[in-house]
**Student:** 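Mind looking over this structure? Questions follow.
When a ligand or atom number is given, it counts from 1 through the structure's own listing order. These numbers were taken from a predicted model, which means no experiment stands behind them. Sequential numbering from 1 along the given sequence is applied to the chain's residues.
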Amino acid sequence: MTAPTTKHTLLVVAHPRRDSLTAQVADHLHGLLKEAGATVDVLDLYTEEFDPRLTPADEPDWEDREKRYSPEVHAHMERIAAADEILLVFPVWWYAPPAVLKGWIDRVWNYGFAYGRSRPRLAGKRMRWIGLAGGPRRAFEESGLAAAMDLQLRTGISEFCGIEDASVLLVHDTELSGVPHELRPARVRQVLAASEEALHS
Ligand SMILES: Cc1cc2nc3c(=O)[nH]c(=O)nc-3n(C[C@H](O)[C@H](O)[C@H](O)COP(=O)(O)O)c2cc1C
């Protein structure tokens with residue numbers, strides 16, 4: 001009998017505040033993953049002061065897919081390569097991930113590593129985009145913005161990099177400023193419960 005293998009998750013968090021709902025969702029998922037026996041590498045892009053600006057050192061050279069990028073980028077690539085699963089937890093800003101997360105994709109999900117090979121290196125991983133949106137689900141669906149985000153993140157990034165097991169989970173109504181204080185704990189619990197879908201779907 002072969003021993004069960006331990007799942008290793010890279011949990012990427014992109015929010016400037018540790019008391020944000022986004023951070024609470026990340027902590028909640030982290031706890032559940034550990035309870036389930038996974039090992040978890042938490043990559044908090046703000047705490048680690050990740051610089052999202054692409055410099056020439058990390059610009060793809062379309063004639064050299066073996067290019068050595070900056071040491072920082074190669075260290076991030078190793079963290080991705082080590083993971084069976086990549087969970088990205090972020091607030092929805094302008095119907096997109098925050099710039100720090102977009103910059104992490106720009107710099108680290110680079111030519112020769114994440115794409116540009118006939119046998120994609122990241123194929124076989126599981127990827128979940130978990131976006132906290134202030135607005136309601138209905139508004140996202142009726143406007144087409146839910147579909148636009150799905151197309152951009154799942155198709156445009158995950159599938160482009162050979163990751164077929166990818167999806168976008170939007171958790172709605174996460175802006176608590178208009179919610180009476182006494183109702184906020186229940187709303188937070190709803191948000192945390194809704195985020196668990198990312199572990200099971
Ligand atoms: C710069 C900025 C842009 C935002 N853009 C959107 C948006 O496009 N759609 C939306 O539903 N909510 C938007 N929001 C609201 C956030 O999604 C919401 O405040 C957040 O999820 C609340 O959770 P937090 O405590 O983790 O920040 C935006 C908030 C900020 C600060």
**Student:** Please report the interatomic distance CZ(Arg184) to CZ(Arg189), rounded to the nearest 0.5 Å.
**Tutor:** 14.5 Å
**Student:** According to ring pair (Phe, Tyr, Trp, His ring centres under 6.0 Å), who are the partners of Tyr46, at least two apart in sequence or on a separate chain?
**Tutor:** none
**Student:** Could you state the interatomic distance from CZ (Arg79) to CD1 (Ile86), rounded to the nearest 0.5 Å?
**Tutor:** 12.0 Å
**Student:** Rounded at 0.5 Å granularity, tell me how far CG in Asp58 sits from CZ in Arg53.
**Tutor:** 12.0 Å
**Student:** Could you state the interatomic distance from CG (Leu45) to NZ (Lys102), rounded to the nearest 0.5 Å?
**Tutor:** 14.0 Å
**Student:** Once you measure the plane-to-plane angle for His76 and Trp104, does it fall in the parallel (<30°), tilted (30-60°) or perpendicular (>60°) bin?
**Tutor:** perpendicular
**Student:** For ligand 1, would you mind listing the residues that have at least one heavy atom less than 4.0 Å away, ordered by chain and number?
**Tutor:** His15, Arg17, Ser20, Leu21, Thr22, Val92, Trp93, Trp94, Tyr95, Leu132, Ala133, Gly134, Gly135, Phe140, Thr174, Glu175
